[in-house]
Amino acid sequence: MTSNIPPAYNPKLTEEKWYNFWETEKLFHAEANPEKKPYCIVIPPPNVTGILHMGHALNNTIQDILIRYKRMKGFESLWMPGTDHAGIATQNVVEKELAREGKKRQNLGREKFIERVWQWKEKYGSTIITQLRKLGSSCDWDRLRFTMDEDYSRSVSEVFLRLYEKGLIYRGNYIVNWCPRCQTALSDEEAPHKDMEGLLYYIKYPFKTTDRRPQTEDYIVVATTRPETMLGDVAVAVNPKDKRYKNIHNETIILPLVGRELKIIKDAIVEPEFGTGAVKVTPAHDPNDFAMAKKHGLEPVLVMNPDGTMNKNAGEYAGMDRFEAREAIIEDLKERGLLVKIDKHPYSLGHCYRCHTIVEPYLSKQWFVSMKPLAKPAIEAVRKGRIKFYPERWTRVYLNWMENIQDWCISRQIWWGHRLPVYYCKNCVNSSLRGASVASDEAISKERLLRSQKLARNDEIGIIISRVKPEKCPDCGSADIYQDEDVLDTWFSSWLWPFATFGWPQAKKDLKYFYPTSALITAQEIIFFWVARMIMAGLEFMKTVPFRDVYIHGTVRDDTGKKMSKSLGNIIDPLDIINEFGADALRFSIISITAAGQDVFLSRQKFELGRNFANKIWNASRFIIMNLKPENVKSDLCVSYNSPDMNLADKWILSRFYQRLSEVETALESYRFNEAASVMYEFFWHEFCDWYIEFSKPSINETHTQIVLYKVLEKSLRVLHPFMPFITEEIWHSLLPLTIACPPKPWRRRDHRLSTIMSQPWPHVQKQMINKKIDGQMQVLIDCIVAVRNIRAAWNINPSVRVDIFIKAKKDAVAVLAASQVYIKNLARVEGLNISGDAKKPPKSAAAVLKDIEIYVPLERYINLGEERQRLSKKIEEICGILKGIDAKLSSRDFLKRAPKEVVEAKRQRKAELSDTLKRLEENYADLG
RNA sequence: GGGCAUUUAGCUCAGUUGGUUAGAGCGCGUGCCUCACAUGCACGAGGUCAGAGGUUCAACUCCUCUAAUGCCCACCA
């Protein structure tokens, strides 16, 4: 079976096969197991609308590496998978689908629409889950969760209830970020600001009467970036300290175009430096103005509809889109001579994170969570180090946001999502609303809510918070009860992910075992949305942190540094890459080029790195498998290690392997994945393949060589498995029949340890085999071979030509080289090899001078003495340069006095060595005449 | 307005606690289809570590400032 291994690795023949095998054998499944320690990662649940992009590829590769590593390390390793219902995003997708049929969701009605979304979810919602499998993700699919699962939804209502009872949830009229396209409120995080090139309009607001004022003007000029909102102005504000306006008291202004009379108010919030120092006050469309109006007892005037068109308060502009109205208003103001000027004004505007529409600050009645009380313990937890961020710098970002946290608007005016567990008694609501001013009433209710838990319940008459729909109103007994129309922010369910996925609030055994989870792997964009809120929720409802470590990886960009996005057309599709290069190549490449926490710049070409490495592994394995004889490789490595047959190369590669293994572990434990990957790359390719396998060839049939080839390959595969699960599994199965006298029936379920690499233990570092002396001796041999190759290359000697060489070496080196003659002959293509303590340089030969060694290669037919002189003089120069540097140090009295003794001693020794080398080089040089 | 990150070979980037000659991949040059691998092998060229100060016996590494680029945050009418 071994001889027909193809000479190039073909991922297509292995990936699906092994993934299916792992999955059907339930090798990803984890369960509470008191005999093992838990290791758990909850996946950042991708949106059901999601399709795999490179960000996911990076994120999930990292998680899979950790999960597989810990699993092999003997942990009960659970990767909890799932998807997020992604309220607005999913609703948008389905609405688009409806639009293609010429329908709107309103035509269907809420119930039918929701049904339609569920259908869509059933059909397309697991696309990304399928794609994650192609990556090799070893998620426990039996536990797949969805944020709208029944029990998950129960957790969400439970949380709402508990927070409400604690007085941390309130309803009120406030300025929120309103997306006129999605027609819903958004949280601050959902409306990221973008810098824009805007305009600042200066508009004259005439005074009603002009007689009693000292100024000559009969108007006041205000500056605004959103002229259309002036229709909702209720006052003009100036700073009380502003001298320009100190004589203005209680004057009345006529709002242009509208004719409404406005007061001038004085408020310190107004920045005298900005614009004219006079600001129009539009409480229904600006948070500052809203606050100011409340302070001065002014009623807001809303001038827009939820869809961003002007409403009936806008008079003749009613029905126009907000930006259309802006143009019209400017035209009209111009006509009336009320437009003073228009300045360019860069500013930043919130944009809907789902549809990128400019959000409108908009007064509306929404539900909020008071965040300060939740933030407090979450700040503590990070400050005290109970949660650690990697890289550490994100700690500050997190703390800064937490310390300035704002209340969270959680109600959304969409249909797809968790309905608020809020019910209203029509009877009570109607009676309580009579005659009340909405704005002030709500403002008071917040205060009261916060003051006392008991008051909170009765605060708003007619509101019932309940897990299930109440039959009757507890106050008036009426059965005329309806549920709040709104749904909750998607993140109001995702923030429960680390425990709601385990069935909280039931105290299930898995929850106890796996919570707190071990690590969270995510991207920087999501720290506020998700990470911070999970920490708050975990502390609030579980009383402990939801995870110990947070690893923040970089953002995936194209090779010019732009974010990958569909609209930019610079997407590299992971599935394309998997198709062309293989999943292992994708995984290894992306992990190799991602320095801890730095952004990743990708291009198609970069995936060749992983593909080539996979191919290298494949071919090295192919070579070994082709040559292995099962009877040779049964013995224990530790026993064989002490056999006299074990030679320098054998011991060296083992020393290197265990050294590298410990480096990989250190790197993985500190989330330095690229380092772990490159350590293995360097080891496997350059130490194992380039040197050891080449060394092994002359003695390929000897037992010691076979054992070492096999053991190092087999262990390397295990270490590489978390990074490249497919190819390592495939090779593992080719290796199996050679090593087990009686191979098990292929992949017997009970005996995973034998049948699959992913259930193998991670290799232990055998410290006793890490041997610096062996490493040093091997270095002499390697240097020697390189030196000969060097000479051959310099004189252009065809590889088919074997040369004779003479080595003059000091005693220790003679012993090492003499024992390794076969290697020198093989790897440097040497015919006659003479090693001695006093070899004489033959005439017309090239020379190499190393520490303790000189090498002479007689080259009558090739050599040109003049060029050889040049070659040597270059080396002489190089060494002189270094010596000069060392001399400068050693002649510095301060250095000798202050530097540690070891450092001084090392310099001295180095100087002695180099001087010796230099002397011998010069002799050789002189010899050339 | 605050904050963060980046600046090292032609390109893309590593470089943990300051201490021999600063590394890799790609690209480039030369020679090789050497019986595992041309997705390969061997050898090589290429860097005053953004700039200026400072700390230190010693700075790519620590501190200050400057410049360029990118990102995040903020109630900039």
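Chain A is the first sequence line, chain B the second, and so forth, proteins listed ahead of strands; every chain is numbered from 1. These numbers were taken from a predicted model, which means no experiment stands behind them.
Comparing the same atom, P, in B:U7 and in B:A58 gives a spacing of 26 Å after rounding to whole Å. Taking the P atom of each, B:G47 and B:C63 are spaced 29 Å apart, rounded to whole Å. Comparing the C1' positions of B:G31 and B:A45 gives a spacing of 15 Å, expressed to the nearest Å. Comparing the P positions of B:U34 and B:G15 gives an interatomic distance of 39 Å, to the nearest angstrom. Distance check on atom P: B:G23 versus B:C43 gives 16 Å, rounded to whole Å.
For A:Glu271 and B:C76, the CD to P distance is 10 Å, given to the nearest whole Å.
Side-chain N/O atoms of A:Trp795 include none lying less than 4.0 angstrom from OP1 or OP2 on B:G44. Using a 4.0 Å cut-off, some side-chain N or O of A:Asn612 falls inside it from OP1 or OP2 of B:G40.
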- Fill in the dot-bracket string of RNA chain B, one character per base: . for unpaired, | for a pair to another strand, ( ) or [ ] for pairs within the strand, taking Watson-Crick or G-U pairs under 3.5 Å. (((((((..((((.....[...)))).(((((.......))))).....(((((..]....))))))))))))....
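In this structure, A:Ala899 reaches the bases: a heavy-atom distance under 4.0 Å links it to at least one base atom across the strands shown. Among the protein residues, A:Ser348 comes within range of the nucleic acid bases, having at least one heavy atom under 4.0 Å from a base atom. Nucleic acid contact for A:His285: none, since no nucleic acid atom lies under 4.0 Å from a heavy atom of the residue. Within the 4.0 angstrom heavy-atom criterion, base atoms lie near A:Pro900. In this structure, A:Val786 reaches the sugar-phosphate backbone alone: every heavy-atom distance under 4.0 Å involves primed, P, OP1 or OP2 atoms, never a base. Counting any heavy atom pair closer than 4.0 Å across all strands shown, A:Glu403 reaches no nucleic acid atom.
Scanning atom types as modelled, one donor and one acceptor separated by under 3.5 angstrom connect the side chain of A:Lys697 and the base of B:A36. For B:U34, its base never sits under 3.5 Å from the side chain of A:Arg802 at any donor and acceptor pair.
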